[in-house]
Undergrad: 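Would you mind keeping the following structure in view while I ask a few things?
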Amino acid sequence: MSNTIQYQHGKILVPDEPIIPFIEGDGIGKDITEPSQRVIDAAVFAAYGDKKKLIWKEVLAGKKAFELTGTYMPDETLEAFQKYLVGIKGPLETPVGEGIRSLNVALRQTLDLYVCLRPIRWFKGVPSPVRYPELVDMHIFRENTEDIYAGIEFMTGTEKANQFLDFLINEMEVNVIRFPETSSFGVKPVSKDGSERLIRAAIKYAIERGLPSVTIVHKGNIMKFTEGAFKNWGYDLAEAEFTHQTFTWRTFKQIELEKGLDEAKNALSKAKGMGKVIVKDVITDAFLQESLLHPFDHSVIATLNLNGDYISDQLAAMVGGIGISPGANINYNSGYAIFEATHGTAPNIAGTGKANPGSLILSGAMLLEYLGWDKAAEHIYDAMEHTFSKRRVTSDLYSMMEGATLLSTSEFADEIIRNIH
Ligand code: NAI
């Protein structure tokens, strides 16, 4: 078998020694990449000995690419992710200047990575602002290609804004713009196709992992035809495509209306007893409260791009912050996946040995799970928890932990490797 991961009939086929392209990244990317790879390699070795191994292949992006090739995102880099299907990256600085696209957005768009997946779990010993962090175990599926992020915006006073205003008033008979002369405009595209593929992926993930529920988070009370439609398309999809594996809150309400609350409750507990995934919905603002007050009520979260942005940061803060929050951008239809540290380049600490490599290491654990190498991922989770519980941490967590030992980026990785062994 070659060293290239293949995608066939909806499944990825992984050789024992797959080539994994990686982008080192800017700023602290350089500090965290090598130590993270050492941890990931140690976990694979502990799980499979000589039988399996990742073959790291560096591809260029960001400042390093610019210095070596004169371009921030060489074609070869995009081609490598296309060829090898699964890769990992450190943070990339978004160069400030006219006409330079965000490199992260370029990768997501080229590979149509429509799911931004963020698992949120707490590791014993990590300082948390919530009272019961051990109850936090959520998996965010954020739509990655649509919504207000499409970038369709018109600045007030420009010709385009005036044309758009004219169109709204004269063609669409809109008469609710409070200050038409000084308004800028943004367009929020949300499609049935885009919503369905995101929610389908979230439900499948819940079913495959035996998770209890999928919460559709939306602001459909205000944005009825975008966020409200997202919710309705989600329920339609669950009921049509996952009839036997899910029970929806909409069905609960229907039974309540027709047969009363007791019957509805009976149907719900029967569905739970059968291990069905409960598909429900919550308005975004209520979700932000609920996830703090009753985190155990939510497991998989399916949401639109902007909501997902806010939710990801709040939930990450609940379990220790961006230094240890992993992420992935995935297209479940083509198999393309790029795992990434969710924080930025942290220029204020780059090169000082203060960076926490946890986010990238845990992104590596997600990558291993994606390959089906769960045993190796478990080694990482266990060793990291062990390290935190001994209060041996990098500077971001050190100041919040009484009696902790301060470790550098590299020492923290070494400690995890020792705990893997
Ligand atoms: P940032 O995440 O780089 O830094 C925010 C704060 O968190 C800083 O105080 C930093 O020191 C700290 N921090 C971040 N990662 C840490 C780690 N691993 N360990 C310890 N402390 C850590 O966000 P900022 O400053 O807004 O962005 C800096 C640059 O990063 C920008 O150019 C931005 O575009 C880029 N960026 C890239 C991302 C990516 O490639 N996925 C994501 C977010 C930002």
Side-chain angles (χ1 to χ4, degrees), residues 22-37 39 59-66 72-73 77 81 87-97 100-111 113 115-118 123 126-127 140 142 144 149 151 305 308-310 312-314 316-317 319-330 337-364 366-367 384 387-388 392-401 404 406-413 415-416:
F22 73 94
I23 294 172
E24 182 180 84
D26 300 322
I28 56 168
K30 197 174 170 50
D31 309 348
I32 60 177
T33 296
E34 190 272 336
S36 300
Q37 288 176 346
V39 173
V59 292
L60 299 173
K63 278 190 176 157
K64 189 170 182 180
F66 190 76
Y72 284 101
M73 181 63 75
T77 297
F81 283 114
I88 190 162
K89 64 176 276 292
L92 291 170
E93 184 183 316
T94 301
V96 182
I100 303 177
R101 278 200 306 167
S102 155
L103 303 174
N104 294 309
V105 172
L107 278 171
R108 281 172 211 164
Q109 283 181 350
T110 308
L111 302 174
L113 304 173
V115 171
C116 176
L117 173 59
R118 297 273 176 88
F123 288 95
V126 173
I140 306 166
R142 167 185 172 190
N144 224 1
Y149 283 69
N305 213 334
D309 200 357
Y310 301 148
S312 299
D313 272 25
Q314 172 175 307
V319 293
I322 49 178
I324 52 169
S325 296
N329 297 290
I330 304 176
I338 300 185
F339 296 79
E340 67 171 349
T342 57
H343 52 75
T345 59
N348 54 334
I349 56 167
T352 63
K354 286 185 179 171
N356 187 340
S359 173
L360 195 59
I361 293 171
L362 292 172
S363 300
M366 286 176 76
L367 182 152
M384 199 172 249
T387 308
F388 288 135
R392 297 175 66 77
V393 291
T394 45
S395 67
D396 52 328
L397 298 178
Y398 175 72
S399 53
M400 294 185 276
M401 267 186 183
L406 177 64
L407 302 181
S408 70
T409 309
S410 205
E411 287 167 346
F412 181 70
E415 183 75 19
I416 296 175

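As the structure lists them, so they are numbered: ligands from 1, and atoms in each ligand from 1. Position 1 is the first residue of the sequence; numbering continues from there.
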Undergrad: Does an N or O anywhere in Asn348 fall below 3.5 Å from an N or O of ligand 1?
TA: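 N/O-N/O distance below 3.5 Å exists for this pair.
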Undergrad: Just to be sure I read this right, does ligand 1 sit under 4.0 Å from the backbone of Ile28, its side chain, both, or neither, counting only heavy atoms?
TA: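 Looking at Ile28 and ligand 1, just side chain atoms fall under 4.0 Å.
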Undergrad: Indicate yes or no for a side-chain donor-acceptor contact from Ser363 to the backbone of Pro326 under 3.5 Å, with no hydrogens or angles considered.
TA: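 Side chain of Ser363 to backbone of Pro326, a donor-acceptor pair under 3.5 Å: no, none is there.
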Undergrad: Distance under 4.0 Å to a non-hydrogen atom of Lys89: what atoms of ligand 1 satisfy this?
TA: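 Ligand 1 atoms under the 4.0 Å threshold to Lys89: 40 (O), 41 (N).
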Undergrad: In terms of heavy-atom contacts, does OH of Tyr310 have more than 12 from other residues, nucleotides or ligands at under 6.0 Å?
TA: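 No, because the 6.0 Å sphere around OH of Tyr310 holds 12 heavy atoms or fewer from other groups.
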Undergrad: For the CG atom of Leu107 and the OG1 atom of Thr77, what is their distance to the nearest 0.5 Å?
TA: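 Interatomic distance, Leu107 CG to Thr77 OG1, rounded to 0.5 Å: 8.0 Å.
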Undergrad: For ligand 1, find out whether one of its N or O atoms is nearer than 3.5 Å to an N or O atom of Leu92.
TA: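 For ligand 1, there is an N or O atom that lies under 3.5 Å from one belonging to Leu92.
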Undergrad: Of all the non-hydrogen atoms in the protein, which one sits nearest to atom 29 (C) of ligand 1, and at what distance?
TA: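 Of every protein heavy atom, Thr345 OG1, 3.2 Å lies nearest to atom 29 (C) of ligand 1.
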Undergrad: Please report which non-hydrogen protein atom sits nearest to atom 17 (C) of ligand 1, along with the residue it belongs to and the distance in Å to one decimal place.
TA: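 In this structure, atom 17 (C) of ligand 1 has Asn356 N, 3.7 Å as its nearest protein heavy atom.
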Undergrad: Any donor and acceptor pair, going by atom type alone, linking the side chain of Thr394 with main-chain N or O of Ala355 inside 3.5 Å?
TA: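 Between the backbone of Ala355 and the side chain of Thr394 there is no qualifying donor-acceptor contact (under 3.5 Å).
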Undergrad: Would you mind telling me if ligand 1 is within reach of the side chain of Ile322, the backbone, both or neither, using heavy atoms under 4.0 Å?
TA: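 Just the side chain.
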Undergrad: Below 3.5 angstrom, do we get any N/O pair linking Thr342 and ligand 1?
TA: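 No, there is no polar N/O contact under 3.5 Å.
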Undergrad: Heavy atoms of the protein only: does one fall short of 4.0 Å from atom 34 (O) of ligand 1?
TA: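 Neighbour list for atom 34 (O) of ligand 1 includes protein heavy atoms (cut-off 4.0 Å).
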Undergrad: Return yes when at least one protein heavy atom is under 4.0 Å from atom 6 (C) of ligand 1, and no when none is.
TA: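 Protein heavy atom within 4.0 Å of atom 6 (C) of ligand 1: absent.
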Undergrad: Would you mind checking which non-hydrogen protein atom is closest to atom 41 (N) of ligand 1, with the distance to 0.1 Å?
TA: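 Nearest protein contact, heavy atoms only, for atom 41 (N) of ligand 1 is Glu340 OE1, 3.4 Å.
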Undergrad: If you measure every N or O of Gly344 against every N or O of ligand 1, does any of those distances drop under 3.5 Å?
TA: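 N/O-N/O distance below 3.5 Å exists for this pair.
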Undergrad: Measure the spacing between CG of Asp31 and CD of Glu24 and express it to the nearest 0.5 Å.
TA: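 Asp31 atom CG to Glu24 atom CD measures 8.5 Å (nearest 0.5 Å).
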Undergrad: Short list, please: which atoms of ligand 1 are under 4.0 Å from a heavy atom of Pro91?
TA: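 This gives 40 (O) as the contact atoms.
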Undergrad: For Gly353, does its backbone N or O pair with a side-chain atom of Ser408 as donor and acceptor, under 3.5 Å?
TA: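 Not at all, since once roles are kept as given, no pair shorter than 3.5 Å links the two residues.
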Undergrad: Any side-chain to backbone donor/acceptor pair from Asp26 onto Leu92? Under 3.5 Å, distance only.
TA: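 Between the backbone of Leu92 and the side chain of Asp26 there is no qualifying donor-acceptor contact (under 3.5 Å).
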Undergrad: Nearest protein heavy-atom contact for atom 39 (C) of ligand 1: which residue, which atom, what distance?
TA: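 The protein heavy atom lying closest is Asn104 ND2, 3.2 Å.
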Undergrad: Is the closest heavy atom of Ala355 to ligand 1 under 4.0 Å?
TA: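 For ligand 1, residue contact (heavy atoms, under 4.0 Å) with Ala355 is present.
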Undergrad: What residue and heavy atom of the protein are closest to atom 3 (O) of ligand 1, and at what distance?
TA: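 Here the closest protein heavy atom is Ala346 N, 2.7 Å.
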Undergrad: Where the side chain of Thr345 meets the backbone of Gly27, is there a donor-acceptor pair that is under 3.5 Å apart?
TA: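 No, Thr345 side chain to Gly27 backbone: no donor-acceptor pair under 3.5 Å.
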Undergrad: How long is the gap from CG on Leu117 to CD1 on Ile330, to the nearest 0.5 Å?
TA: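 Here the rounded value is 5.0 Å.
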Undergrad: So how far is it from Leu60 CG to Phe66 CZ, rounded to the nearest 0.5 Å?
TA: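 Answer for the CG-CZ pair, Leu60 versus Phe66, is 13.0 Å.
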Undergrad: Has Thr342 got a side-chain atom pairing as donor or acceptor with Ser325's backbone, closer than 3.5 angstrom?
TA: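 Yes, the answer is positive, given that a donor and an acceptor are paired below the 3.5 Å cut-off.
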Undergrad: Can you report which non-hydrogen protein atom sits closest to atom 42 (C) of ligand 1, along with the distance?
TA: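 Scanning the protein heavy atoms, the shortest distance from atom 42 (C) of ligand 1 goes to His343 O, 3.7 Å.
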Undergrad: Which protein heavy atom lies closest to atom 22 (C) of ligand 1, and at what distance to 0.1 Å?
TA: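 Among all protein heavy atoms, the one nearest atom 22 (C) of ligand 1 is Ile349 CD1, 4.0 Å.
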Undergrad: Nearest protein heavy atom to atom 26 (O) of ligand 1: under 4.0 Å?
TA: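 No; the ligand atom in question lacks any protein heavy-atom contact below 4.0 Å.
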Undergrad: How many angstroms lie between atom NZ of Lys64 and atom CD1 of Ile23, to the nearest 0.5 angstrom?
TA: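 With rounding to 0.5 Å, NZ (Lys64) is 11.0 Å from CD1 (Ile23).
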